[in-house]
Asker: 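If you scroll down you'll find the structure; I have some questions about it.
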Amino acid sequence: MLTALILALVVLGGVLLRLLAYRRQLEYMARVLEETPAESNLCLTVWMDSTPARRLCRAVNRRLEEGRRLRLEALDSERKLKYTMACVSHDIRTPLAGAMGYLQLLEGEPERQAEYLDIVQKRLTELDRLLDELFLYTKLANEPLTPVCGEIAVLPPLEEALAEFYPQLEAAGIAPELRFDREDQTVWASAETLGRVYRNLIANAIRHGGGGLSVIIGEGEIVFCNPLGPEPAPDPKRLFDRFYRSSPAREKGGAGLGLAIVRELVEWMGGEASAEIEGDELRIKLTFFEWPGKDTHTNASLQGQNALKKDEGRID
């Protein structure tokens with residue numbers, strides 16, 4: 001009987017010590033959570049040889065890490081928003097201030113009315129283009145885009161885009177050169193979306209190029225080539241970043257979103273856009289991947305195929 005009582009007391013003592021250790025462990029965790037700043041990278045530790053305690057510690061640390069990640073993302077988003085607002089306000093203010101300035105000059109020099117009104121019209125047209133770019137990029141960034149893709153001919157939307165820019169091309173002295181092996185070359189894309197991509201690339205060549213433009217159409221890819229202009233050569237790795245400009249000067253207009261929009265649109269169609277500089281020439285390549293079945297393929301499955309290719313390192 002005495003032996004049983006002693007064993008019971010020993011067991012009870014062990015349980016009490018275990019409970020005391022649990023209490024100390026929980027008090028330590030609570031104190032660390034209460035005293036550690038929210039931005040700290042400190043993680044909780046556990047000294048008890050207890051599976052539940054270690055599990056609790058891992059769960060709390062995961063939540064702390066997730067909270068830190070979300071805070072960093074929020075700070076990064078806030079920084080990007082401030083940068084975006086600064087760029088947008090500057091880009092919108094420039095043509096608007098120019099138009100207002102020439103309207104004021106018009107009051108004092110009515111004999112130059114036609115000249116000044118033409119300049120004002122150009123400034124307002126530039127402002128309209130800026131707002132269109134900003135609207136489209138914001139839409140792409142915040143709303144899911146599901147272009148209706150299919151097997152389409154490459155040349156017709158390109159010819160339409162070149163015809164639309166004929167006055168600007170002629171004024172810039174640019175005679176576009178098309179190189180292709182087959183007139184019936186096709187890709188898996190949306191004709192309307194691909195046309196928008198073409199227009200942005202043509203506008204970029206006119207605005208920032210060195211006076212030439214050639215388009216090379218191959219199997220599953222389209223390459224826009226133009227000589228580099230007098231401004232500093234762009235960084236191909238950053239060329240598709242929003243608001244990126246190789247030169248701080250903004251006299252050539254544009255919101256720095258044209259190529260960012262190109263990348264977004266091409267990726268939504270299941271392809272990729274890349275850039276490189278060869279000698280004194282900028283080459284922007286659009287790559288369209290093959291689809292497994294023309295009759296049953298959907299845009300969603302193509303995007304899944306792209307995701308696999310990214311995992312395999314075939315897409316940067």
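All residue numbers refer to positions in the sequence shown, counting from 1.
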Asker: So do W188 and F288 actually touch side chain to side chain, heavy atoms under 4.5 Å?
Answerer: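 Result no, sub-4.5 Å side-chain heavy-atom pair not found.
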
Asker: To the closest 0.5 Å, what do you measure between CG (L201) and CD1 (I206)?
Answerer: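 That separation rounds to 11.5 Å.
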
Asker: With a 4.5 Å heavy-atom cut-off, do F180 and V215 have their side chains touching?
Answerer: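 The answer is no, as the side chains (C-beta and beyond) never meet within the 4.5 Å cut-off.
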
Asker: Using a 4.5 Å cut-off on heavy atoms from C-beta on, say whether the side chain of D235 contacts that of D241.
Answerer: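 No, every pair of side-chain atoms sits at 4.5 Å or beyond.
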
Asker: Under a 4.5 Å cut-off applied to non-hydrogen side-chain atoms, are N200 and V197 in contact?
Answerer: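 Answer no - side chains too far apart.
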
Asker: Determine the minimum heavy-atom distance between N226 and A205, stating which atoms define it.
Answerer: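 Of all heavy-atom pairs spanning N226 and A205, the closest is OD1-CB, 4.0 Å.
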
Asker: Which heavy atom of P236 sits nearest to which heavy atom of A275, and what is that distance?
Answerer: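 For P236 and A275, the tightest heavy-atom pair comes out as CB-O, 3.4 Å.
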
Asker: For residues 215-234, pull every pair meeting ring pair (Phe, Tyr, Trp, His ring centres under 6.0 Å), keeping only residues two or more places apart or in separate chains.
Answerer: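 For residues 215-234, and leaving out neighbouring residues, the ring pair (Phe, Tyr, Trp, His ring centres under 6.0 Å) pairs sorted by first residue read Y198-F224.
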
Asker: Flag the pair E65 and R62 as a salt bridge only when some basic side-chain nitrogen lies within less than 4.0 angstrom of an acidic carboxylate oxygen.
Answerer: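 Not counted as a salt bridge, because no side-chain N and carboxylate O are separated by less than 4.0 Å.
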
Asker: Please check if I216 and L286 belong to a single hydrophobic cluster, counting links between Ile, Leu, Val, Met, Phe, Trp and Tyr side chain heavy atoms closer than 4.5 Å.
Answerer: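 In one cluster: no.
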
Asker: Can you tell if the side chain of D280 reaches within under 4.5 Å of the side chain of P227, non-hydrogen atoms only?
Answerer: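 No, side chains not in contact.
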
Asker: If you measure from OH on Y102 to CD on Q121, what distance do you get to the nearest 0.5 Å?
Answerer: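 One finds 14.5 Å between OH of Y102 and CD of Q121.
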
Asker: Do L259 and R263 have side-chain heavy atoms sitting under 4.5 Å apart?
Answerer: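 In short, these two side chains do not touch, never coming nearer than 4.5 Å.
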
Asker: If you draw a 6.0 Å radius around CZ in R69, do more than 12 non-hydrogen atoms from other residues or ligands fall strictly inside?
Answerer: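 Yes, the 6.0 Å shell around CZ holds more than 12 heavy atoms from other groups.
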
Asker: Taking the side chain as every heavy atom from C-beta outward, state whether L127 and R123 have any atom pair closer than 4.5 Å.
Answerer: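 The answer is no, as the side chains (C-beta and beyond) never meet within the 4.5 Å cut-off.
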
Asker: Restricting to non-hydrogen atoms, name the atom on E164 and the atom on Q168 that form the minimum distance, rounded to 0.1 Å.
Answerer: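 Nearest heavy atoms, E164 then Q168: O-OE1, 3.8 Å.
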
Asker: Given side chains that start at C-beta, do those of R58 and R54 come closer than 4.5 Å, heavy atoms only?
Answerer: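 Side chain of R58 against side chain of R54, heavy atoms only: contact under 4.5 Å found.
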
Asker: Measuring from L155:CG to I222:CD1, what's the distance to the nearest 0.5 Å?
Answerer: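 Interatomic distance, L155 CG to I222 CD1, rounded to 0.5 Å: 8.5 Å.
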
Asker: List in chain and number order the residues that pass side-chain contact (heavy atoms from CB on, under 4.5 Å) with E27, two or more places apart in sequence or in another chain; answer none if no residue qualifies.
Answerer: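 Testing E27 for side-chain contact (heavy atoms from CB on, under 4.5 Å), a comparison that skips the adjacent residues, returns R23.
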
Asker: Would you say E66 has more than 12 foreign heavy atoms packed within less than 6.0 Å of its CD?
Answerer: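 Yes, the 6.0 Å shell around CD holds more than 12 heavy atoms from other groups.
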
Asker: Just one of L158, L178, D181, V223 clears the side chain to side chain contact (heavy atoms under 4.5 Å, CB included) bar with I217, so which one?
Answerer: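 The passing option is L158.
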
Asker: Which heavy atom of L228 sits nearest a heavy atom of A233, and at what distance?
Answerer: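 That would be CD1-CB, 4.2 Å.
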
Asker: What do you reckon, is CZ of F165 surrounded by more than 12 foreign heavy atoms closer than 6.0 Å?
Answerer: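 For F165, atom CZ is crowded (more than 12 foreign heavy atoms under 6.0 Å).
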
Asker: Holding to side-chain contact (heavy atoms from CB on, under 4.5 Å), I want the full list of residues that pass it with E278, two or more places apart in sequence or in another chain.
Answerer: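 If we apply the side-chain contact (heavy atoms from CB on, under 4.5 Å) test to E278, skipping adjacent residues, the hits are E276, R283.
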
Asker: Using 0.5 Å steps for rounding, measure from the CG atom of L194 to the CD atom of E192.
Answerer: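 Taking CG in L194 and CD in E192, the distance rounds to 11.0 Å.
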
Asker: Would you name the heavy atoms of A189 and M269 that are closest together and state the gap between them?
Answerer: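 Minimum heavy-atom separation between A189 and M269: CB-SD, 3.6 Å.
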
Asker: Please report the interatomic distance OH(Y116) to CG(L105), rounded to the nearest 0.5 Å.
Answerer: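 Atom-to-atom, Y116:OH and L105:CG are 5.0 Å apart.
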
Asker: Is there a path from L96 to L103 through hydrophobic residues (I, L, V, M, F, W, Y) whose side chains come within less than 4.5 Å of each other?
Answerer: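 L96 and L103: separate clusters.
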
Asker: Tell me, yes or no, whether the heavy-atom count around R71 atom CZ, taken from other residues, nucleotides or ligands under 6.0 Å, exceeds 12.
Answerer: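 Enclosed.
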
Asker: First locate atom CZ of R55, then atom OG1 of T51, and finally report the distance between them rounded to the nearest 0.5 Å.
Answerer: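 Between R55 CZ and T51 OG1, I get 10.0 Å after rounding to 0.5 Å.
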
